[in-house]
Amino acid sequence: MTDYSIDITRKEYPATASTSAHIAIKNLHLTLKQNEFVCLVGPSGCGKTTLMNIVAGIDQNYEGTINLGTLSQTDNKVAYVFQEPRLLPWRSVIQNIHLVLDDPNAPHNTKLIEELLELMEITHIRDHYPGQISLGMARRVALVRAFVVQPQILLMDEPFVSLDERTAQRIRQRLLETWQTQPHTILFVTHDIREAIYLADRIVFLSQAPSNVINEVKVTIPRHNRTDEHSIEAFRQSLKRIGSKTKNYSGATK
Amino acid sequence: MTDYSIDITRKEYPATASTSAHIAIKNLHLTLKQNEFVCLVGPSGCGKTTLMNIVAGIDQNYEGTINLGTLSQTDNKVAYVFQEPRLLPWRSVIQNIHLVLDDPNAPHNTKLIEELLELMEITHIRDHYPGQISLGMARRVALVRAFVVQPQILLMDEPFVSLDERTAQRIRQRLLETWQTQPHTILFVTHDIREAIYLADRIVFLSQAPSNVINEVKVTIPRHNRTDEHSIEAFRQSLKRIGSKTKNYSGATK
Amino acid sequence: ASEPFQIKIGVVAFGTLQWELAVIQQFELDKQENLQLRLITLANPQAGKIALHAGTVDIGVADWFWVSNQRTNHHSPLTFAPYSATAGALLVAANSPINTIKQLAGKRIGIAGGEIDKNWLLLQTLAAKQDVNLNETVDKVFGAPPILNQQLLQNRLDALLTYWHYAARLESNGYKRLLDGAQMLSMLGIKQKIPTLGYVFSDQWAHHHREAVLRFLRISQQAKNLICTSEQAWETVLPLTRSEDKQTQTVIRKRYCEGRIQHWEAADKLAASTIYSMITASHPNLFPKQSSTLAAGTFWDYTLSNSTTTKHPTILTK
Amino acid sequence: MNSPRLNACISVVLLLAFWQLLATSLKLQALPPATEVLKQLVMVTENGQLPYHLGITLTRLIVSFSLSMIIGVLIGIGLGRQPILDQFFDQWLLILLNIPALVTIILCYLWFGLTEAAAILAVVINKVPNVVVTIREGTRALDTRLLEMADSYRFGRWKTYRHVIWPQLFPYLMAAARTGLALIWKIILVVELLGCSNGMGYQIHLFFQLFDVTSILAYTIAFIIVIQLIEMFILKPLEQRASTWRQ
Amino acid sequence: MNSPRLNACISVVLLLAFWQLLATSLKLQALPPATEVLKQLVMVTENGQLPYHLGITLTRLIVSFSLSMIIGVLIGIGLGRQPILDQFFDQWLLILLNIPALVTIILCYLWFGLTEAAAILAVVINKVPNVVVTIREGTRALDTRLLEMADSYRFGRWKTYRHVIWPQLFPYLMAAARTGLALIWKIILVVELLGCSNGMGYQIHLFFQLFDVTSILAYTIAFIIVIQLIEMFILKPLEQRASTWRQ
Ligand SMILES: Nc1ncnc2c1ncn2[C@@H]1O[C@H](COP(=O)(O)OP(=O)(O)OP(=O)(O)O)[C@@H](O)[C@H]1O
Ligand SMILES: Nc1ncnc2c1ncn2[C@@H]1O[C@H](COP(=O)(O)OP(=O)(O)OP(=O)(O)O)[C@@H](O)[C@H]1O
Ligand SMILES: [Mg+2]
Ligand SMILES: [Mg+2]
């Protein structure tokens, strides 16, 4: 098992009639270990989504190389929780979930789907259309959709915003459990530094555009200690102290 | 100056071919004092957005009465930050902002717009189309759009998700400043209990569907003390203790 | 002199009426009769009928079957004065084995004008007398005349019953005339020359301007004669035949001149109504609300005898 | 009877009443009263004339409609999704779109004789470009975010077309189908007029020669009733099923 | 010369070459070689015949096209936005859509005489229902979330139409315009055939009677060139301007 390496020399959005060209990413190098949980943190508009799109294989218009090892790009084993739910409005919740599976009615799949719907508390809206559910519900559907794929690489772009804390926390726990029992690599974008500390093996800080990695921090709190708010808080304070560069992203006073 | 009263006896989404009828709100009574800052907290899918839509006058299909006093429904003085940005994709950022104003080129408006764009750090994308900006940027444009209206009632549905903390905090401060210098009534939905404590005069807790008010808490921390993380944290812990009902929403351990 | 009387005439572009009007203008026949003819050129005969109904023209050209039908069905005031007896013909290839009506059975025959075409009806009546039911034994192909012409040229048809000017073109291409309208009539026992087409106008209008209409009919007759006798007039007409080839031009002129009506008297009108009865008797469901006899007033109250046709012989030498 | 149906009925009755009034009181030329036309309609139905010709025309219509829609949708999606193909065939499309029906009909008849196949081909050639243009417009307006989603979850070609693209093209498809039926009907009339020995176009032309507006209208109404049935039992239910998600 | 233009040129040249080959080598009857047709085109242009008739037809086309689009869009939006109106007028629309062009043309001419106004009215009546159907489909597919936004910010009717609804209807409008030009052209040919003393329809019918396919094609090409110019200098730029936001 080799590591995954992301190597983007340059990602430019070309100029249009009204806008000039924008270099979103420049010389960004990132190595993901197999089954590592990496959180990406960076200012809004720095290029996180752009990076995720490139890793997902949606955006092929960049200079550089993405090496996902043995994982072929046509493989079904990438799942991507977009920053918006991106459900098909004309398919019901359950259909939206089924669509990402090759064999949605296989027993192991139906069981998994039921369990996830239960966990997300959206079993009762399985036959609703996306236009008939709240945004938070739609986000949970998108999460189920990503989880049922049982991906080798899971890309998540701020997946837990718009969820109430209780639900979010339950899903975070589940995510970690699944990750531990069926190891896979996770790239997770968040603005919530507490969330990043709670989840990640490693937090990667991105700079303003053109984006690159300005700092990487291993989360040293042992996993069993992370349910303790105080250790999280302490780690956050320590991040603040690390340097002026990362300070901005470690959460302001509230 | 009278208070605003919201009085929804029943809001039902009728049954469709695939779904049964859903009662989203039942016997919800809420009084907003003039120029009060009220935060709404409730589980995902409970009916917060539904409530906001009714107050905004978009959804007229409910039983009950909304009394916004002297404010007529056709008045331009309501601003609504939707849960998604809802920008017009075919209009540039600046055009999207101009569209909500009667006279966008009046000096006081241009000045305000410039200042807000600066504050949100989106001046450089003023001529971009919404498809060319990041989601966090789009949210900030939606915020500018709401602020330039200088509304008498400001409705905000989770306005600060997808923003990095530093930016979010700056905008929160600005929101409070504006609110103090030009008092208006704010109804603010959030899942972030810390944010609610930082901003609100009063926090209203909504129940699961069918939604109604299960608790109201005045935030007793003086406004000048709220920049202190510890008092916020202390208040949050006190909320947790108040009762089992509200406990769920006061933020789980992370 | 008084103001010239104005008549609006619906003319099908490049039709024979246009030839005549060209000659009338060339020889200033209208001025002689104190008429002012206003031409409204149209693309096809149907347009002419619409123009008549809409009152856009005073005089148009149509057949008397149609006029009778309009009078029966639509209380139309339209009436008819003869214009030409040139009729369509049944053609076959030069080497065709078809020589008689009987031999048509089982063959593929193109019919211009569809199932209510008068020649087709006559042909059926004629065949019926020989105990042949053409309608059932023949493979009928209805279609637009130009397309049918092409189909015959491509040997996709065994025979073609078509309008006279299309027939003339085929004839000059070596196709054989098996039968024409006049022959069919005479085989049915009618010796008179019966007009196929006529001037059609409202009888009220004609009643109020009877003199002028008569003058118009007169100069039209003169023009016809000029086309057939004066090379100078024919020169004027030539471009309007829209045919480059001498052969065709000759056939066209010949057929055209054969179709001139020399007299239109009570006996001729009677013969016409006989034909009408004959056809409607053998085809009882041809038209909606079909009457078995020609509608009263179909023929305008007007007669033409041999003497009137050569009233102005001097013009010929002009 | 539910309210939309009732509304529809009222509307038709009103139209008929309006027509009757126009025809009888104003005595507008060549507009026969509705009653007359309906009487004629009953008559030609009873004597079997109308069903015969209507049947023939409908067969032609269905065959050529199906062919045109299938071909048109395929090409339309292709052009909408592949800018290079589009640049190349744009011209051809525009040319095909604007060749007079007359020309294509003549050429078809000349090359293939006065046959059924020629008639249907002529209609298809006339209709396909319209479908292509409409569907291409729809394909250009596709939501790229959903396409990206399908892409990232490796939906593959078939799933993407069926579940992501198709529902978005549906309104364009309905527009193409509705205007398409009407257009084909218009063209088929010309096709039958120029080279068929039966069918509504042939009949209507005969009536036209006689200026028999009553019969023309009777035939038209018969056709409209058929279209109405297609609308009621095929298009509307399809549309309803496809738009349940809009509530 | 940029690449799309180059592509277009190559495509046209290829088409012409293909045609020439078909006509000369296969000796397909009634398909004159391209060169012949172009020669004829030059001739009738030089002798002024074509410009005269083309000019007249274009005037009719422009007037009736503009009228139809305006009326059609207004009605289409109305029906799409007001379900009650839609239920009521749906039937009328379907009827109008399927009345044979022949019938409306005859009635217009009979009632208003063989005048320009009648000719244009006949075209408009034939075209409007098509526009309505397309635009109605587009109006039904409008994004309600954006409409709600406009509503909550009290955009008012005019701003909402201009900035929220119009851009969403634009692709439907383009589809209606493109197929519309072609449809009007088809109808105008019949209209001119039945009651005009000039115009392309009138001319083409005369050529048809003589089976002069060369001239018919020459006229057709002239028309296609005009449509091409409209496309290049009006529709394409409009479309480009309206879709800058898609990049
Ligand atoms: N158009 C609709 N048709 C049917 N049910 C609907 C519709 N819109 C919303 N609902 C239902 O109403 C309930 C409340 O939805 P609402 O969007 O108000 O929730 P919310 O409190 O804003 O949730 P979130 O925090 O996730 O945004 C949900 O259960 C949802 O399923
Ligand atoms: N299609 C596009 N055309 C031009 N510029 C674009 C386009 N998409 C994104 N950008 C620009 O690229 C930059 C990075 O965008 P991206 O969406 O990756 O940001 P992000 O880090 O995900 O931000 P956020 O936290 O707000 O979601 C932004 O400045 C944006 O303006
Ligand atoms: Mg992003
Ligand atoms: Mg909500």
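In terms of non-hydrogen atom pairs under 4.5 Å with chain E, the most contact-rich of Ala47(C), Ala43(C), Ala13(C) is Ala43(C). Of the listed residues Pro146(C), Gly10(C), Pro45(C), the one with more heavy-atom pairs under 4.5 angstrom with chain E than any other is Pro146(C).
Contact of Ile147(C) with chain E is made through backbone and side chain together, with heavy-atom distances under 4.5 Å.
Leu194(E) is not listed as a side-chain neighbour of Leu42(C), based on a closest heavy-atom distance of 4.5 Å or more. Residues Thr56(C) and Tyr109(E) fail the side-chain proximity criterion, which asks for heavy atoms closer than 4.5 Å. Using a 4.5 Å heavy-atom threshold, the side chains of Gln46(C) and Ile106(E) count as separate.
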task: Decide side-chain contact (heavy atoms from CB on, under 4.5 Å) for Arg242(C) and Leu206(E); before the verdict, give the C-alpha distance in whole Å, the side-chain angles of both, and the deciding distance to 0.1 Å.
output: CA-CA 10 Å; Arg242(C) 302 224 293 172; Leu206(E) 294 185; 3.5 Å; yes

